Amino acid sequence: MAPLVSVVVPFYNVEQYIAECLESLAAQTLADIEVILVDDGSVDGSRRIAEGFASRDPRFVVVRQPNRGPGPARNEGVRWARGSYLAFADSDDVVPPGAYELLVSSLERTGSDLACGGVRRMADGELSSSSLHDKIFRRAVRRTHIMDRRVLVRDRTVWNKLYRKDFWYEHRLRFRQGIYEDVPLSMRAHVLAASVDLLPDVVYHWRKRESGESSITQRRAELPNLTDRLEAIRAVRSFLQEEAPELTRSFDGLVLEKDIVFLFQALEHAAGDDLEALLDLARQWLAVLNPGVLATAPSLRRLELYLVERGLIRELRTVREFRRSSAEAARIVPRGLRRANWYGDYPYFRDRSLRIPDEVYDAREEIKVLAKVEECRWNGQGFAVVGEVALHRVERRPRKIEVWLSDGSRKVPLPSRRLGAGRLLAEIDPRRLRRGGPTWRLYAQVETRGLVLEGCFRDGDGNRTWRLSVPGWSRTGMDITQ
């Protein structure tokens with residue numbers, strides 16, 4: 001009988017890691033799988049280890065091909081797949097025991113074309129968050145789509161997913177030649193799927209190699225690697241412009257957040273002909289991206305981009321070092337008397353010799369209100385709320401603060417007074433909340449030097465929105481949601 005799930009694992013010279021990967025696949029709680037190991041021309045002991053697993057476990061099979069890269073190796077594995085579902089794993093990573101059972105269960109329940117789940121980075125025997133995936137898999141969302149949840153442009157890896165094989169063949173999905181073969185395919189799959197399931201469960205451990213030969217993607221600051229990354233970006237943008245143009249700005253924003261960092265890293269250390277080649281490649285990168293996305297990037301990133309565009313590499317290296325050495329986000333400072341403009345306090349600001357326009361440093365849109373509740377107590381007639389209000393990255397205290405409660409339809413201003421050092425005391429009279437609620441949120445409006453900003457209070461730990469629940473208006477009928 002055909003297995004339920006086919007797992008394709010390409011491998012090339014991963015003798016140090018492959019056994020751990022294959023052991024994790026053999027230990028899956030979903031036993032009805034086959035594991036297709038595609039030897040992409042290994043010259044170390046990887047093949048011997050893979051063949052050892054195949055000799056002991058009939059679910060494992062080894063396929064050989066000359067070295068052609070991970071994309072063609074995965075395509076070859078798909079050609080051998082007999083399962084109803086397809087999964088992929090890299091030979092130096094680890095799959096948690098219940099991963100495929102969770103993914104299959106979701107697809108059997110919903111009928112979606114693919115299911116995907118959370119990822120952890122693995123290094124030095126420890127697991128940590130994956131910044132690429134963390135914003136995506138915070139809660140279960142089933143039968144959704146990238147057009148409805150655009151944060152899925154960040155979900156561009158193939159190995160944290162399970163695909164219906166019928167969907168794969170219907171849309172003729174294939175991996176491209178090159179290093180970043182999974183990025184264009186992942187975006188195609190998300191756009192072409194009728195629906196997608198998101199699971200908050202961790203279904204993949206992505207290794208950052210600690211020793212031995214670095215993985216291809218870890219050599220990401222090398223010129224050939226960067227050139228191939230640009231080709232993958234172009235492939236994705238070409239597809240999106242044709243099939244889902246609404247997503248191109250979101251994708252470009254991710255490129256500016258993640259991918260372009262590796263280009264900066266390469267420019268920091270290059271010299272001579274390599275530097276010239278990298279500068280030429282950098283200008284190609286900038287030409288590909290949407291000018292509107294470039295213009296609305298965070299101010300420090302805009303400064304880095306401006307320096308690259310002008311070929312000011314010495315200055316770029318100074319700014320990159322400034323970014324790394326700043327323990328917290330750099331200050332935003334006002335300039336001007338009555339109605340100030342607000343700028344990032346970065347190197348070369350108003351250095352007239354470089355003639356960098358002030359608007360490159362403009363950081364007004366990056367300022368936000370930080371408001372938290374430290375204490376809420378009953379004083380016999382109402383509630384006294386002690387909180388703190390500040391502006392993120394701005395050292396000066398707000399000049400004027402107003403606070404109010406809102407249940408979504410009503411706004412109830414609250415009397416408040418300053419306690420010093422950014423702290424304030426607000427008073428809540430429960431009688432003013434009658435016929436409202438049942439849940440109220442506390443807001444602050446801050447005015448200072450031409451800025452008028454609003455923000456919602458968080459709890460003392462800053463993790464959740466602070467709410468006041470009011471089933472009735474009496475003292476005993478009120479409670480504070482923690």
Side-chain angles (χ1 to χ4, degrees), residues 129 131-132 134-136 150-151 153-154 248-261 263-264 286 289-310 312 315-316 318-351 354 356-372 387-402 422 443-458 462-463 465:
S129 62
S131 61
L132 185 63
D134 277 352
K135 296 180 181 179
I136 310 170
R150 299 194 181 185
V151 70
V153 297
R154 305 177 70 89
T248 54
R249 288 182 67 95
S250 296
F251 180 76
D252 285 354
L254 180 60
V255 171
L256 281 185
E257 177 191 343
K258 295 291 184 185
D259 300 84
I260 209 157
V261 172
L263 185 61
F264 293 155
L286 297 183
L289 302 175
N290 186 304
V293 174
L294 294 171
T296 56
S299 52
L300 188 53
R301 178 68 83 232
R302 289 202 310 275
L303 176 58
E304 292 166 332
L305 295 170
Y306 181 85
L307 296 173
V308 169
E309 189 175 23
R310 285 187 53 187
L312 298 173
E315 290 78 7
L316 173 69
T318 298
V319 171
R320 294 291 299 166
E321 181 58 34
F322 169 82
R323 182 191 282 273
R324 283 190 293 271
S325 63
S326 298
E328 299 179 357
R331 295 185 312 155
I332 297 176
V333 296
R335 292 290 185 271
L337 296 176
R338 294 186 177 178
R339 187 172 181 84
N341 291 318
W342 294 80
Y343 300 104
D345 192 13
Y346 313 140
Y348 309 114
F349 179 50
R350 297 195 169 174
D351 181 337
L354 292 177
I356 301 174
D358 282 355
E359 55 262 30
V360 171
Y361 293 83
D362 188 345
R364 175 182 288 263
E365 297 300 320
E366 298 163 44
I367 303 174
K368 60 183 179 181
V369 174
L370 300 179
K372 66 178 182 179
E388 182 178 355
V389 179
L391 292 172
H392 179 53
R393 299 174 59 189
V394 175
E395 290 185 351
R396 65 174 57 231
R397 297 295 179 184
R399 184 181 65 83
K400 181 180 179 182
I401 302 174
E402 296 179 359
Y443 291 86
Q445 177 177 282
V446 172
E447 294 184 30
T448 187
R449 298 290 296 275
L451 281 176
V452 180
L453 299 173
E454 294 181 2
C456 188
F457 278 80
R458 315 289 287 183
N463 296 322
T465 301

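Starting from 1, each residue takes its place in the sequence as its number. Please read these numbers as outputs of a predicted model, since none were measured by experiment.
Here the side chain of Arg320 pairs no donor or acceptor atom with the backbone of Phe264 at under 3.5 angstrom. Distance alone, capped at 3.5 Å, places no donor-acceptor pair between the Arg396 side chain and the Leu391 backbone. The main-chain N or O of Trp342 is never found under 3.5 Å from a side-chain atom of Arg449 such that the two would form a donor-acceptor pair. Of the possible polar contacts, one joining the Asp252 side chain to the Asn290 backbone as a donor-acceptor pair under 3.5 Å is found. Side chain of Arg393 to backbone of Ala363: no donor-acceptor contact under 3.5 angstrom is found.
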Step by step, would you call Val293 with Thr248 a side chain to side chain contact (heavy atoms under 4.5 Å, CB included)? CA-CA 10 Å; Val293 174; Thr248 54; over 6 Å; no

List the steps, then state whether side chain to side chain contact (heavy atoms under 4.5 Å, CB included) holds for Ile260 with Leu286. CA-CA 9 Å; Ile260 209 157; Leu286 297 183; 4.0 Å; yes

Working for side chain to side chain contact (heavy atoms under 4.5 Å, CB included), residues Phe349 and Arg335: CA-CA 11 Å; Phe349 179 50; Arg335 292 290 185 271; 4.0 Å; yes

For Arg310 and Glu315, what are the C-alpha separation, side-chain angles and deciding distance, and is it a salt bridge (Lys or Arg N to Asp or Glu O under 4.0 Å)? CA-CA 10 Å; Arg310 285 187 53 187; Glu315 290 78 7; over 6 Å; no

Stepwise side chain to side chain contact (heavy atoms under 4.5 Å, CB included) test for Leu256 and Leu305: CA-CA 9 Å; Leu256 281 185; Leu305 295 170; 4.0 Å; yes

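In this structure, CD in Glu402 is found 15.5 Å from OH in Tyr443, a value given to the nearest 0.5 Å. Rounded to the nearest 0.5 angstrom, Leu316 CG and Leu263 CG are separated by 9.0 Å. Taken from CG in Leu312 to OH in Tyr348, the straight-line distance is 9.0 Å, to the nearest 0.5 Å. With rounding to the nearest 0.5 angstrom, the CZ atom of Phe322 is 7.0 Å from the OH atom of Tyr346. How far CG of Leu451 is from CG of Asn341: 9.5 Å, rounded to the nearest 0.5 Å. Taking CD1 from Ile332 and CD from Glu395, the interatomic distance works out to 11.5 Å, rounded to the nearest 0.5 Å.
Contact of the Asp358 side chain with the Arg350 side chain is registered, since non-hydrogen atoms from C-beta on lie closer than 4.5 Å. At least one side-chain heavy atom of Arg249 sits less than 4.5 Å from a side-chain heavy atom of Thr296. Looking at Leu300 and Val319, their side chains come closer than 4.5 Å, going by heavy atoms from C-beta outward.
Partner of Ser299 under the side-chain hydrogen bond (donor to acceptor under 3.5 Å, both in side chains) criterion, chosen from Glu359, Glu365, Glu366, Arg364: Glu366. Partner of Phe457 under the side-chain contact (heavy atoms from CB on, under 4.5 Å) criterion, out of Thr465, Val389, Val369: Val389 alone.
In this structure, Val360 and Leu303 approach most closely via the heavy-atom pair CG1-CA, 3.6 Å. The two residues Arg154 and Ser131 make their nearest non-hydrogen contact at NH2-O, 3.2 Å. Smallest separation of non-hydrogen atoms from Leu132 and Lys258: N-NZ, 4.2 Å. Residues Glu447 and Val452 come closest through the heavy atom pair CG-CG2, 3.9 Å.
Asp345 pairs by the side-chain hydrogen bond (donor to acceptor under 3.5 Å, both in side chains) definition with Arg331, not counting sequence neighbours.
Other residues, nucleotides and ligands contribute only 12 or fewer heavy atoms inside 6.0 Å of the NZ atom of Lys368. The 12-atom threshold is exceeded at CD of Glu321, counting heavy atoms of other residues, nucleotides or ligands nearer than 6.0 Å.
A salt bridge links Arg323 with Glu304: the distance from a Lys NZ or Arg NE/NH1/NH2 to an Asp or Glu carboxylate oxygen falls below 4.0 Å.
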